[in-house]
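The following block contains the structure, expressed as structure tokens.
What you are looking at is a predicted structure, and each value in this text was computed from that prediction instead of being measured. Counting from 1, the numbers follow the sequence of the chain as shown.
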Amino acid sequence: MKFGTKVIHAGVKPDPSTGAIMTPIYQTSTYAQESPGKHKGFEYARTKNPTRSVLEANLAALENGAAAVCFGSGLAAMNAILQTLKPGDEIIASNDLYGGSYRLATRIFGTWGLVSHFVSMANPKDIEAKINDKTKLIWIETPTNPMLSIIDIEAVCTIAQQHKITTCVDNTFASPYLQNPIDLGADMVLHSATKYLNGHSDVVHGAVITKDQAMADQLYFIQNAAGAIPGPQDCFLVLRGIKTLHLRVRQACENAAQIADFLKEHPAVDKVYYPGLPSHPGHEIAKKQMRYFGGMVSFSLKNDTFEAAANVLAKTHFFTCAESLGGVESLIGHPASMTHASIPKAQRLEVGLTDSLIRLSVGIEDIDDLLEDLKKALG
Ligand SMILES: *Cc1c(COP(=O)(O)O)cnc(C)c1O
């Protein structure tokens, strides 16, 4: 099955009880049993819910995995993965990580006894210096936020396999339409379904897709035992959003590519960060591992001040100032004062996250209106 068919059909069948074409929202906490222990595979909705099961089957197919396990948010999904480890275990993660992932690894699991190393994965060989016999997991995020750096997934997974270390790729920024880490050697894929998978900015949801069933079984155990499950209505909304994933992401990528070209030539703009630009240091790797180059674009201003950036944010009309990404509507953000405000200035300058850096989540509006909007805002 090709991707554009999978989004609609994989794991989805007319509802067995009524024939409903669209997977119903099974808004129930429990299920009737014919006699004690004799049931149709559903006992209690923390353990299993039919709407959630359909979404899990669909997600497994989209990422070419054995199974998927859904959670109440992307971070709840990551939390479950880290709960498969033991105190004293070590993980190696990319140093340009989603802030919430960094906070979870250090402030929750750090005190619990997990040791996290954050390294640049620009040169995958550098990872080896941090590997020892306690290293259990390598965590990759690509493209990164907000600098849109690219990590070579296949190269990192090859090193991990040589040392028998599990790998997980946070594939939120790319979506399964653009990049399938399991095909490149990863053991697990994490999604904040809040972003491109749902795509309509009306749900918080997360999922893990695994290469083999054993890892999924461990996560199903945690899903049930710790209970950070998504509700059936949210599962329904993610499932509905996924049906247009390929159309939305393709359009967002086309718009983003045109916006990157426009920004590159604009006299007020200093640097443009977009993996689709041939000048981007990760361009060749992105070409190898991604279908298109994504809907996220970051850029800095020649007048590198908070004020100049704030002025641009204040003037856009279709780009709304907000956190998050991956919805049909365009968003604009200022990482230094919003998502990355807690990172010390010296540290953020090291990765190029300057005072004027602006991040766009490009939506699927008409490109002429988006370009006009940016033209006006940049003055
Ligand atoms: C948003 C996000 C998360 C966290 O997901 P939530 O659904 O907000 O918990 C993790 N990783 C990346 C890359 C994200 O953008």
Side-chain angles (χ1 to χ4, degrees), residues 78 90-102 105-106 115-132 135 137-163 165-175 178-190 256 260 264 270-300 325 335-336 339-340 343-354 357-359:
M78 181 182 186
E90 300 191 7
I91 72 168
I92 300 171
S94 40
N95 63 353
D96 191 7
L97 204 61
Y98 175 72
S101 305
Y102 176 81
T106 54
V115 179
S116 299
H117 304 279
F118 300 95
V119 302
S120 161
M121 295 189 181
N123 183 0
K125 282 265 159 226
D126 293 348
I127 298 168
E128 285 187 311
K130 294 285 179 199
I131 294 178
N132 61 50
T135 313
L137 177 67
I138 294 179
W139 191 274
I140 305 160
E141 190 181 310
T142 180
T144 66
N145 175 27
M147 301 315 300
L148 303 169
S149 310
I150 301 292
I151 294 167
D152 188 334
I153 297 173
E154 200 168 15
V156 176
C157 290
T158 302
I159 292 169
Q161 280 162 6
Q162 283 160 1
H163 296 270
I165 299 166
T166 303
T167 43
C168 181
V169 177
D170 183 336
N171 204 23
T172 301
F173 263 48
S175 91
L178 299 186
Q179 178 173 285
N180 297 121
I182 289 174
D183 294 348
L184 301 168
D187 297 301
M188 279 183 280
V189 176
L190 176 124
K264 199 169 48 121
D270 186 22
K271 292 200 173 69
V272 181
Y273 301 90
Y274 186 63
L277 294 173
S279 56
H280 186 287
H283 181 64
E284 289 305 318
I285 298 164
K287 240 166 55 183
K288 188 179 72 161
Q289 69 188 18
M290 297 174 78
R291 197 195 291 255
Y292 303 110
F293 300 104
M296 303 297 294
V297 181
S298 294
F299 64 100
S300 59
L325 62 122
T339 45
H340 293 64
I343 299 177
K345 182 164 175 168
Q347 201 178 322
R348 66 175 166 77
L349 289 181
E350 253 172 54
V351 296
L353 206 167
T354 57
L357 191 87
I358 292 170
R359 189 191 83 171

Might you confirm whether atom CZ of Phe118 has over 12 heavy atoms from other residues, nucleotides or ligands at distances under 6.0 Å?
yes
Taking C-beta and beyond as the side chain, do Leu184 and Cys157 meet within less than 4.5 Å on heavy atoms?
no
I need the Thr144 OG1 to Ile150 CD1 distance, nearest 0.5 Å.
7.5 Å
Mind running side chain to side chain contact (heavy atoms under 4.5 Å, CB included) on His163 and Ile138 for me, showing each step along the way?
CA-CA 11 Å; His163 296 270; Ile138 294 179; over 6 Å; no
Side-chain heavy atoms of Arg348 within contact of Leu357, under 4.5 Å
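No - every pair of side-chain heavy atoms lies 4.5 Å or more apart.
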Approximate separation, where rounding is to 0.5 Å, of Ile131 CD1 and His117 NE2:
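Separation between the atoms: 10.5 Å.
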Do Gln179 side-chain atoms and Thr142 backbone N/O form a donor-acceptor pair below 3.5 Å?
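Pair found, side chain donor or acceptor close to backbone of Thr142.
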Without swapping roles, check the side chain of His280 against the backbone of Leu148 for a donor-acceptor pair under 3.5 Å.
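Indeed, once roles are kept as given, a pair shorter than 3.5 Å links the two residues.
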Working to the nearest 0.5 Å, report the span between OG1 of Thr354 and CZ of Phe299.
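So the OG1 of Thr354 and the CZ of Phe299 are separated by 11.0 Å.
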Any Asp126 side-chain heavy atom under 4.5 Å of Val119 side chain
no
For the atom pair CG (Asp96) and OH (Tyr102), what is the distance rounded to the nearest 0.5 Å?
12.5 Å
So, the side chain of Glu90 versus the backbone of Asn132: is there a donor-acceptor pair under 3.5 Å, distance only?
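No; judged by distance alone, with no hydrogens or angles, the pair does not exist.
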Do Thr167 side-chain atoms and Asp187 backbone N/O form a donor-acceptor pair below 3.5 Å?
yes
Residue pair Ile159 / Pro124: nearest heavy atoms and the distance that separates them
CD1-O, 3.3 Å
Does Ser94 use its side chain to pair, donor to acceptor, with the backbone of Met121 at less than 3.5 Å?
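Looks like no, no N/O pair under 3.5 Å.
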Distance from Ser116 atom OG to Ile92 atom CD1, nearest 0.5 Å?
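Reported to 0.5 Å precision, the distance equals 10.0 Å.
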Polar side-chain atom of Tyr274 near backbone of Gly294 as donor-acceptor pair, under 3.5 Å
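The answer is yes, because a donor-acceptor pair under 3.5 Å joins these two groups.
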Indicate the atoms forming the closest heavy-atom contact of Gly276 with Phe293, along with that distance.
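Nearest heavy atoms, Gly276 then Phe293: CA-CG, 3.3 Å.
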For Tyr98, is there any backbone N or O sitting under 3.5 Å from a side-chain donor or acceptor partner on Glu141?
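Here the side-chain-to-backbone pair exists.
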Measuring from Asp170:CG to Ile151:CD1, what's the distance to the nearest 0.5 Å?
10.5 Å
If we only count heavy atoms from C-beta on, is the Met296 to Pro143 side-chain gap below 4.5 Å?
no
Using modelled atom types and a 3.5 Å cut-off, is there a donor and acceptor pairing between side-chain atoms of Ser298 and backbone atoms of Met147?
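Side chain of Ser298 to backbone of Met147, a donor-acceptor pair under 3.5 Å: no, none is there.
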Given side chains that start at C-beta, do those of Thr135 and Lys130 come closer than 4.5 Å, heavy atoms only?
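No; the side chains remain at least 4.5 Å from each other.
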Looking only at non-hydrogen atoms, find the nearest pair between Ala186 and Val169 and report the distance.
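For Ala186 and Val169, the tightest heavy-atom pair comes out as CB-CG2, 3.9 Å.
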Taking all atoms of both residues into account, what is the closest heavy-atom pair of Pro146 and Arg359, and its distance?
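Shortest heavy-atom contact: CB-CD, 3.9 Å.
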